[in-house]
Every structure is written in structure tokens, then in C-alpha cells.
Amino acid sequence: MARQDLERLIQGEDLDALVAEFRAKPTGQHSAALQRLVNHIRSESMDGKLALLCTKPHEEWRLVRMNGRAKPMTLLDGIFHNLNDAEWAIFKLRMKRHFDVDLAD
């Protein structure tokens, strides 16, 4: 079912091209198909959601797992000193989680 959901979201667009678009520009405006995909993988319930935590403004980000409202986050492996690298890492994790798609660096 996950692959069907992915195909519905990207509406016939080439997945490799969308991944390349995200890799080149992880933040900011995206094509319509990529934005649908990004919106989908970012919109899940707080319990278990993967997120980025800025630990030093404009300098350091950590991967975390949300554990629900009013519960502490779980720090995961991954400390980044570049926001684009952090966004790429979490994009890959979310693609695996939602669609069982493995993305290479």
C-alpha cells in the first residue's frame, strides 16, 4: 500500500527527479509534486514523529523522535552543523518509514 500512496502523491512525476530536487534545495519553495510529498511525510501524529531539534541556533541540529504531547523527546544518532544536511538526513529516514524507499547519499 505504501508504494501506491507514493504514486498517488507524486502523480506520475519521476521519483528520482523529485529526490534530486529536494537534495539540491531542501528548504524553500518546491515543485507541486515534491511539496505534496514533503507535506505528507512531515504530517504525522506527534507520537513517534521524527523531527529536527536546533540545539545551537544556526549551528547545530539533532535528530529526535517525538513521544507525544508533554513527553520528552528521544535524542537519536545524528548531529548536524549544516541545516541542509540535517534536512536531507531526516528526508531519507521519513521516506524509508513512510514508503520503504531507501535513498543513497
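Residue numbers start at 1 and run along the sequence shown. It should be emphasised that the depicted structure is a prediction, and the values quoted were computed from it without experimental measurement.
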| note | Shortest non-hydrogen pair, Asn84 vs Pro26, comes out as OD1-CG, 3.6 Å

| Minimum heavy-atom separation for Leu50 to Arg97, with atom names? | CG-NH1, 3.6 Å

| said: Checking salt bridge (charged side-chain N to carboxylate O under 4.0 Å, His left out) between Glu87 and each of Arg42, Arg94, Lys25, which is the one that passes? | reply: Arg42

| said: Looking at Asp47 and Lys71, is any side-chain nitrogen of the basic one under 4.0 Å from a carboxylate oxygen of the acidic one? | reply: no

| message | Quick test of your reading: applying ring-ring contact (aromatic ring centres under 6.0 Å, His included), list the pairs with at least one residue in residues 60-81, sequence neighbours left out, ordered by first then second residue. | response | none

| Whether Arg62 side chain and Leu53 backbone form a donor-acceptor pair below 3.5 Å | no

| Roughly how far, to the nearest 0.5 Å, is the CG atom of Leu6 from the NE2 atom of His98? | 11.5 Å

| message | Working note: Phe22 + Met95, criterion side-chain contact (heavy atoms from CB on, under 4.5 Å); need CA distance, chi angles, decisive distance, verdict. | response | CA-CA 12 Å; Phe22 185 88; Met95 288 295 290; over 6 Å; no

| No-hydrogen, no-angle side-chain donor-acceptor test under 3.5 Å, Ser31 and Glu21 | yes

| query | Taking all non-hydrogen atoms of both residues, which atom of Arg36 and which atom of Leu9 are closest, and how far apart? | reply | NE-O, 2.7 Å

| field | Derivation and outcome, side-chain contact (heavy atoms from CB on, under 4.5 Å), residues Asp105 and Lys92 | value | CA-CA 9 Å; Asp105 285 328; Lys92 291 189 306 181; 2.3 Å; yes

| field | ILVMFWY network linking Leu76 to Phe91, side-chain heavy atoms under 4.5 angstrom | value | no

| remark: Smallest heavy-atom separation, Glu44 atom then Gly48 atom, equals OE1-O, 4.3 Å

| task | Say whether Ile10 and Val38 are linked into one hydrophobic cluster, either directly or through other cluster members, by side-chain heavy-atom distances under 4.5 angstrom. | result | yes

| request: Drop me the distance from Leu37's CG to Asp5's CG, to the nearest 0.5 angstrom. | output: 11.5 Å

| message | Give me the atom names and distance for the closest heavy-atom approach of Asn39 to Ser43. | response | O-OG, 2.9 Å

| task | Give the cluster check for Val101 versus Leu18: same hydrophobic cluster or not, with ILVMFWY residues linked at side-chain heavy-atom distances below 4.5 Å. | result | yes

| remark: Rounded to the nearest 0.5 angstrom, the CG-CE distance for Asn67 and Met46 is 9.5 Å

| said: So which atom in Leu52 and which in Ile90 form the shortest heavy-atom distance, rounded to 0.1 Å? | reply: N-CD1, 3.9 Å

| Same cluster for Met66 and Ile79 if Ile/Leu/Val/Met/Phe/Trp/Tyr side chains link at under 4.5 Å? | no

| task | Answer yes if Leu15 and Trp88 sit in the same cluster of Ile, Leu, Val, Met, Phe, Trp and Tyr residues linked by side chain heavy atoms under 4.5 Å apart, and no otherwise. | result | yes

| query | For the atom pair OG1 (Thr55) and CD (Glu60), what is the distance rounded to the nearest 0.5 Å? | reply | 3.5 Å

